[in-house]
Amino acid sequence: MLGLMQEWPLLCHKILDAAATQHGKREIVTRSIEGPIVRTTYTDARTRALKVAQRLERDGFLLGDRIATLAWNSARHLEAWYGIMGIGAIYHTLNPRLFPEQLAWIMNHAQDRAIFVDLTFVPLLEKIAGQVKSLTRIIILTDREHMPATGLANTVCYEDWLAEADGDFRWRQFDEQTAAGMCYTSGTTGDPKGVLYSHRSNVLHAMIAAMPDAMGISSRDVILPVVPMFHANAWGLGQSAPMIGAKLVMPGARMDGASIYELLDTEKVTFSAAVPTVWLMLLQYLEEAGKKLPFLNKVVIGGSACPSMITQKFQDNYDVEVVHAWGMTEMSPLGTLCTMKPETDDLRGEERLAVQKTQGFAPFGVEMKVTDDDDNAHPWDGKTFGRLKVRGPAVARAYYGDAGTEQFGEEGWFDTGDVAFIDPNGYMQITDRAKDVIKSGGEWISTIDLENLAVGHPDVAEAAVIGVSHPKWDERPLLVVVPKAGKEPSKSEILGFMDGKVAKWWMPDDIAFVTEIPHTATGKIQKTALREQFRGYRLPTV
Ligand code: AMP
């Protein structure tokens with residue numbers, strides 16, 4: 001017997017409808033690419049998104065068309081997302097930090113038909129547009145006054161193009177399983193792979209993300225997503241913020257410490273989310289400028305492991321709660337968040353920090369397990385690590401065009417490529433990417449643990465650990481360090497600092513000092529490039 005409740009498809013534009021109905025006056029504040037701070041509201045965003053939808057249809061775009069965006073976080077980018085989804089087309093976020101050839105490859109693979117582009121990225125698009133034959137419309141996200149001179153064909157000025165629509169439009173209706181958005185993984189090895197979100201998965205993910213023990217956000221929050229909309233959907237904030245009616249503050253192109261601080265302060269931001277590097281820049285700025293954070297309550301930190309030093313500084317010096325989170329593009333992207341359960345909430349000091357070093361537990365809607373190579377599940381004992389697998393309504397079941405099929409296992413389990421353990425309370429800790437883990441004498445050494453420890457040294461700006469071949473042990477850890485400006489820590493000082501905090505046999509065999517560590521387009525340490533750089537490196541223990 002079926003239930004007798006209404007069919008109310010979970011469609012993304014309903015999120016914006018709800019925001020405009022219940023929270024219409026709530027602001028979306030943007031540091032615009034043109035310069036000034038621009039203020040709109042959810043009511044404006046909905047009206048303008050309807051115009052985007054109307055205008056796209058008039059240009060001949062339809063259900064299922066891929067429409068790219070190459071843009072920073074801004075109100076215009078958000079309107080474009082909802083306008084695209086509102087006709088059943090698919091927003092495709094492009095990461096401008098990729099090489100032009102990679103971008104052209106991705107756009108061709110996705111067969112993008114149109115693109116919304118920020119002024120910043122017009123020169124980049126000029127380099128690749130000619131190679132993307134499917135592209136028939138380029139919409140430059142600015143007004144007439146700021147339109148650049150460009151040789152790009154089929155170009156329009158966003159504000160002029162939008163002004164040709166009156167907004168008298170109804171969102172198109174379709175099945176909730178219809179594709180809504182698309183994002184390619186950065187592909188450190190092999191070609192990038194496309195993840196195709198549905199309306200249903202986006203809506204469910206937004207609800208999951210907002211829950212009290214996940215991000216725990218409400219209409220009383222002022223949310224600053226520093227994490228870009230092109231990096232795994234700004235971790236869902238482009239959907240969960242309007243869903244719960246929070247004021248949004250969009251940082252545009254400037255993510256340095258001073259610029260982020262200015263927005264946190266003037267807009268009284270209560271909640272923010274970014275990768276560890278962004279927070280390092282902010283903390284450094286706060287220390288140098290002697291500033292405090294009176295309004296900020298909570299920061300979500302993810303994308304790479306959050307060093308305990310960052311958590312400690314936020315909590316002890318600024319009274320800001322840190323929520324360490326893990327996820328991936330394939331998971332929309334949230335997987336786990338480290339909030340406290342009754343079992344952990346009474347812990348203080350080092351014990352609490354030890355919990356916060358884990359990536360947290362999975363909210364309702366994410367199932368996980370850790371297995372050996374034969375898919376046998378490991379116990380949740382806080383030490384046995386293995387392959388981390390996940391499933392849920394906002395987890396990919398395939399890549400676009402059927403790439404990477406080996407990652408999708410039986411009964412919906414997706415192999416994340418991460419290595420982790422889970423403790424008896426359900427808290428999961430990533431020890432490595434499977435490709436990066438160091439195999440020494442048949443045992444595994446976690447590079448993340450060693451990096452986390454090394455950046456705790458006061459003279460270390462950034463640290464990365466890679467395995468270097470060793471005749472006896474197979475591989476041994478090499479610690480690569482970027483010292484802080486003006487500091488010259490010695491190898492023995494750093495090793496002395498680490499000594500006793502990890503198992504003896506985990507200690508790096510050597511330290512190499514460098515001025516820079518290579519990063520991927522999403523800000524992660526590029527271990528493949530680092531291993532290449534240190535190929536043939538002779539450890540003193542050999
Ligand atoms: P992306 O799809 O670009 O967001 O990358 C996802 C990958 O980033 C994951 O599979 C992890 O390897 C890594 N990652 C994300 N969050 C964390 C975290 N909190 N700690 C360690 N690794 C993380």
Side-chain angles (χ1 to χ4, degrees), residues 93-95 97-98 102 106 181-190 192-197 205 209 214-215 225-237 273-279 299-308 310-311 322-339 355-362 366 368 370 385 387-390 394-396 399 404 407 414-422 427-437 446-452 455 463-465 519-528:
T93 47
L94 294 169
N95 184 340
R97 295 177 187 136
L98 293 171
Q102 282 175 306
I106 289 174
M182 185 177 218
C183 183
Y184 279 68
T185 63
S186 29
T188 42
T189 50
K193 293 182 284 245
V195 180
L196 198 54
Y197 310 105
H205 180 268
M215 291 201 178
V226 186
V227 53
M229 292 162 76
F230 59 73
H231 182 194
N233 292 316
W235 300 349
L237 286 168
V275 295
T277 347
V278 165
W279 297 126
V299 289
V300 175
I301 307 185
S304 334
C306 174
S308 297
I310 296 187
T311 310
V322 167
V323 175
H324 188 191
W326 164 84
M328 53 198 311
T329 307
E330 290 87 336
M331 302 182 72
S332 302
L334 292 181
T336 58
L337 298 107
C338 193
T339 52
V355 176
Q356 292 186 296
K357 210 170 86 172
T358 76
Q359 279 72 8
F361 62 94
V366 178
M368 57 180 183
V370 169
F385 50 86
R387 309 187 77 92
L388 177 62
K389 297 176 184 171
V390 293
V395 177
Y399 289 114
Q407 276 177 267
F414 168 71
D415 188 336
T416 62
D418 284 326
V419 176
F421 60 78
I422 306 176
Y427 287 80
M428 182 277 291
Q429 186 165 345
I430 303 272
T431 57
D432 252 312
R433 285 296 290 167
K435 293 193 276 285
D436 298 336
V437 72
S446 158
T447 63
I448 292 186
D449 259 0
L450 292 173
E451 289 158 4
N452 198 333
V455 291
V465 174
H519 288 97
T520 68
T522 48
K524 297 184 219 301
I525 293 171
Q526 204 171 7
K527 297 267 172 102
T528 43

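Order of appearance sets the numbers: ligands from 1, and atoms from 1 within every ligand.
- Residue Ala232 does not touch ligand 1, judged by heavy-atom distances below 4.0 Å.
- The nearest heavy-atom contact from the protein to atom 9 (C) of ligand 1 is Asp418 OD2, 3.3 Å.
- The backbone and the side chain of Thr329 each have at least one atom closer than 4.0 Å to an atom of ligand 1 (non-hydrogen atoms only).
- A donor-acceptor pair is defined here as one N or O able to donate and one able to accept, closer than 3.5 Å; no such pair exists between the side chain of Gln429 and the backbone of Phe421.
- With sequence neighbours excluded, the residues satisfying side chain to side chain contact (heavy atoms under 4.5 Å, CB included) with Val395 are Met331, Val390, Phe414.
- Residue Ala325 has at least one heavy-atom neighbour below 4.0 Å for each of these atoms of ligand 1: 16 (N), 18 (C), 19 (N).
- Residues satisfying the ring-ring contact (aromatic ring centres under 6.0 Å, His included) test with Tyr399, not counting sequence neighbours, are Phe408.
- Atom numbering of ligand 1 starts at 1 in the shown order; those under 4.0 Å from a heavy atom of Met328 are 2 (O), 4 (O), 6 (C), 10 (O).
- Looking at atom 8 (O) of ligand 1, its nearest protein heavy atom turns out to be Lys524 NZ, 3.1 Å.
- At a 3.5 angstrom cut-off on N or O pairs, Ala305 counts as close to ligand 1.
- For Ser304, the heavy-atom gap to ligand 1 drops under 4.0 angstrom.
- Ligand 1 has a nitrogen or oxygen under 3.5 angstrom from a nitrogen or oxygen of Gly303.
- For Gly417, the closest heavy-atom approach to ligand 1 does not fall below 4.0 Å.
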